[in-house]
Protein chains: 2
Amino acid sequence: MRKGSPHRAPTESDVAKLAGVSQSAVSRAFTPGASVAEATREKILKAAQELGYQPNLMARSLATRQSNIVALAISHLENPFYAQVVRELSDRLRETGRHILLFSTPPDEQVDPALEGVLSYQVDAIVLTATMASLELALQCQKAGVPIVQINRESKIPGISTVRGQNRRAGELVADFLVAGGHKRFGFIGGTEHSGTSRIRQDGFAEKLKSHGFETQIAYGDYTFEDAAVAARSLLGSASPPDALFCASDYMAFAALDVAKREFGLKVPDQLSVVGFDDVPEAAHAAYELTTFSQPAGALVAEAIKIIDLMTEEPGRRAQRREVRGELIVRGSARIPETGIKKAGLRRTWDN
Amino acid sequence: MRKGSPHRAPTESDVAKLAGVSQSAVSRAFTPGASVAEATREKILKAAQELGYQPNLMARSLATRQSNIVALAISHLENPFYAQVVRELSDRLRETGRHILLFSTPPDEQVDPALEGVLSYQVDAIVLTATMASLELALQCQKAGVPIVQINRESKIPGISTVRGQNRRAGELVADFLVAGGHKRFGFIGGTEHSGTSRIRQDGFAEKLKSHGFETQIAYGDYTFEDAAVAARSLLGSASPPDALFCASDYMAFAALDVAKREFGLKVPDQLSVVGFDDVPEAAHAAYELTTFSQPAGALVAEAIKIIDLMTEEPGRRAQRREVRGELIVRGSARIPETGIKKAGLRRTWDN
DNA sequence: CTGAAAGCGCTTACAG
DNA sequence: CTGAAAGCGCTTACAG
């Protein structure tokens with residue numbers, strides 16, 4: 001036996017009729033701060049309850065010109081760091097009744113065509129991470145007054161705000177740390193050659209090493225596990241393989257550890273030290289014990305939301321740039337220098 | 001210098017004026033299959049282009065009563081399996097121009113209050129994974145004709161479709177596999193005591209073991225890394241610790257391996273075999289080499305979408321239940337029986 | 001405090 | 001093929 005065609009959902013008018021008031025009264029009853037007599041409000045709420053009324057948010061946003069949804073453009077969800085970003089962003093947004101509309105973009109550094117239509121959804125803001133926005137999109141957003149912020153990506157495009165970790169400092173500190181640990185040959189596995197944030201880590205690392213009198217061998221892993229493995233393979237298989245490796249993300253560092261262990265049979269950290277970037281939860285697991293420079297996803301997201309709210313309040317403002325503090329978390333994947341270690345309980349950090 | 005207040009986005013009327021046609025003509029020009037003269041359509045497209053017009057999807061969905069967005073309620077995003085589900089779902093949906101509205105729910109098995117408002121968004125469908133829907137929500141959906149499907153969860157609630165892996169078969173096969181491997185004491189780490197899908201794996205496992213004459217020690221890890229570690233600790237620290245462990249998810253198996261290695265110094269698989277469920281990409285990494293029963297996220301998602309499309313076409317249909325095939329992938333985390341192994345290149349599976 | 005009315009930006013019969 | 005008009009379900013001045 002077939003069910004009849006689905007009933008259409010109850011509307012304000014339906015509630016109004018049942019409660020014996022006008023449709024606008026119903027609207028007011030659901031608008032915080034609107035003027036309704038307590039008695040009528042009760043009557044209305046009761047009627048609404050009875051009908052199972054739920055406001056139609058599409059209609060509301062058409063009328064108010066704001067949707068309470070923010071677009072999140074993201075790729076590399078397989079990297080736990082980005083999974084964390086999604087989770088944190090979603091959680092914080094829900095505190096203010098907002099939700100994420102997800103644009104999972106292709107994993108390369110290309111601008112995603114699907115993203116170009118994002119403004120059609122009347123989103124209140126756009127956050128990008130592990131992807132890029134086109135100049136055109138940035139312009140449209142500016143015109144439409146929609147704030148757009150990138151997390152963990154640099155952007156030369158004006159009008160785009162950015163939140164990032166301490167990329168330069170990470171590179172420099174890791175260099176000092178590895179030198180202090182007595183290493184002699186250094187490798188770096190970056191994201192892509194032109195990825196801004198990877199590049200800054202690389203420059204900090206290589207320049208600092210140079211000041212110590214060392215060269216840096218460089219390879220790129222495209223932020224994927226497979227390509228990072230390829231990069232590690234080429235570095236470790238070279239004529240003069242590094243005895244210390246700094247990777248632009250923990251996820252790529254995991255790949256490097258895999259290759260070092262499985263294919264080269266190297267003992268970590270005796271024969272090879274590996275340092276990552278991000279401090280994802282997995283870095284602390286026994287499988288990796290990864291020494292890494294932290295980039296707390298929660299703090300990044302919190303900053304991003306602050307920026308969004310700021311720009312929404314004052315649409316005229318220029319793009320913001322924020323940096324979130326990180327530190328070098330010392331675990332077992334890299335040789336530990338004699339000095340500079342700080343302890344707090346089980347947690348060890350290093351500073352120069 | 002402050003920018004002026006943001007211009008409002010161009011509408012069909014704006015385009016119409018510029019193109020010298022009526023607003024409804026513009027609408028038709030953007031509606032596939034609507035009747036417009038080729039000449040006028042060109043004129044309109046040109047005008048739209050010039051203004052940077054993008055249709056307002058909120059207005060459209062108000063008029064058409066469909067939004068092209070599907071709600072995804074999910075928790076445990078830190079588990080790579082669920083991250084994969086998000087990615088797959090997003091990718092498939094985009095092929096038909098749909099997007100995900102994300103509801104990241106709290107990690108416990110509670111019904112999420114935020115989810116109760118999901119129908120306000122006029123979503124075309126709801127998919128749930130690693131969370132539950134309330135009976136009330138299911139009822140509302142049925143009334144509103146919104147299909148609702150759960151991935152990798154059982155549900156006693158009528159009207160909710162489900163897509164799952166071969167839970168029972170996994171349990172039984174793993175039992176046979178471990179017995180064939182010569183193990184004598186067996187442990188199971190489940191999600192929660194009442195999680196349907198974990199329970200079915202457990203029952204298949206324990207009942208099969210019983211038929212072989214073995215008992216099963218059971219503990220629960222709540223699908224989190226930390227709690228799974230606690231569960232592993234209690235099992236491995238018991239008076240007669242298991243020499244084989246089956247975990248209801250790879251992610252919990254990783255935790256068990258961590259504890260076994262770091263806290264008990266056990267050699268895997270010589271002193272302890274560990275088998276997981278899901279076959280997430282990490283399972284193949286050198287850090288784990290996890291033997292596991294596969295539950296392909298891509299296939300699950302594909303089925304879920306088929307169901308959604310089916311139910312959308314024929315709203316009267318009753319809830320669907322689908323099962324997606326998996327197999328026992330043999331790697332290094334469990335002792336390998338003499339017989340039953342099948343090879344295909346580097347890939348090894350086991351069957352009875 | 002309350003209702004009637006206009007408007008948000010679309011789609012879709014309905015005439016012509 | 002095209003335009004005028006009603007309607008989708010809300011919000012929000014505006015009178016009263």
Side-chain angles (χ1 to χ4, degrees), chain A residues 6-45 47-48 51-69 117 119-124 144-145, chain B residues 6-45 47-48 51-69 117 119-124 144-145:
Chain A
H7 278 280
R8 73 172 191 36
T11 68
E12 283 186 345
S13 301
D14 298 324
V15 177
K17 198 177 306 173
L18 182 60
V21 297
S22 75
Q23 174 261 325
S24 32
V26 177
S27 175
R28 278 187 214 104
F30 284 97
T31 309
S35 72
V36 221
E38 193 45 36
T40 41
R41 139 177 260 112
E42 306 244 298
K43 220 167 31 177
I44 291 169
L45 259 30
L51 293 175
Y53 168 74
Q54 295 205 355
N56 181 326
L57 261 29
M58 297 289 173
R60 175 177 295 170
S61 63
L62 186 58
T64 59
R65 295 149 167 298
Q66 61 142 257
S67 59
N68 281 327
I69 89 181
L119 287 179
S120 283
Y121 287 92
Q122 314 301 113
V123 295
D124 291 349
Chain B
H7 277 281
R8 73 171 188 36
T11 68
E12 284 185 347
S13 301
D14 298 324
V15 176
K17 198 178 304 171
L18 182 59
V21 297
S22 75
Q23 174 261 323
S24 30
V26 177
S27 175
R28 279 187 214 104
F30 284 97
T31 310
S35 71
V36 220
E38 194 45 37
T40 40
R41 138 176 260 114
E42 306 245 297
K43 221 169 30 180
I44 291 169
L45 259 29
L51 293 176
Y53 168 74
Q54 295 204 356
N56 181 327
L57 261 30
M58 296 290 174
R60 175 177 297 171
S61 64
L62 186 57
T64 60
R65 294 148 166 299
Q66 60 143 261
S67 59
N68 281 327
I69 88 180
L119 287 179
S120 284
Y121 287 93
Q122 313 301 113
V123 294
D124 291 348

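In what follows, chains are A, B, ... by sequence order, proteins preceding strands, each numbered from 1.
In terms of heavy-atom proximity, B:Arg60 sits nearest to B:Pro55 at NH2-CB, 3.6 Å.
Counting any heavy atom pair closer than 4.0 Å across all strands shown, A:Thr11 reaches sugar-phosphate atoms only and no base atom. A:Tyr53 comes within contact range of the sugar-phosphate backbone alone, with a heavy-atom separation under 4.0 Å but no base atom that close. Residue-level contact check: A:Ser24 touches the bases, meaning some heavy atom is under 4.0 Å from a base atom. Within the nucleic acid shown, A:Ser35 comes within 4.0 Å of at least one base atom, counting heavy atoms only. Residue-level contact check: B:Thr40 touches the backbone only, with heavy atoms under 4.0 Å from sugar-phosphate atoms and none from bases. Base engagement by B:Arg28 is indicated by at least one non-hydrogen atom pair under 4.0 Å involving a base atom.
Distance from the side chain of A:Arg60 is smallest to D:dC10 among D:dC10, C:dT2, C:dG9. In this structure, of D:dT11, C:dT2, C:dG3, it is D:dT11 that holds the atom nearest to the side chain of A:Ala63.
Computed from coordinates, the A:Leu57 CG to D:dT11 C1' distance equals 13 Å when rounded to whole Å. Taking atom CZ on B:Arg65 and atom C1' on D:dG7, their separation rounds to 10 Å, with Å as the unit. Taking atom CG on B:Asp14 and atom C1' on C:dC8, their separation rounds to 13 Å, with Å as the unit. In this structure, CE of B:Met58 is placed 16 Å from P of D:dG9, rounded to the nearest angstrom. Following rounding to the nearest Å, A:Glu12 (CD) and C:dG3 (P) show an atom-to-atom distance of 13 Å. In this structure, A:Gln23 atom CD and C:dA5 atom C1' are separated by 10 Å, rounded to whole Å.
Between A:Thr64 and B:Ala59, the one whose closest nucleotide on DNA chain D sits nearer the 5' end is B:Ala59. Annotation: of the two residues near DNA chain D, B:Glu38 and A:Leu62, the 5′-most nearest-nucleotide partner is B:Glu38.
D:dT2 and C:dA15 make up a base pair, with Watson-Crick or G-U wobble contacts both under 3.5 Å.
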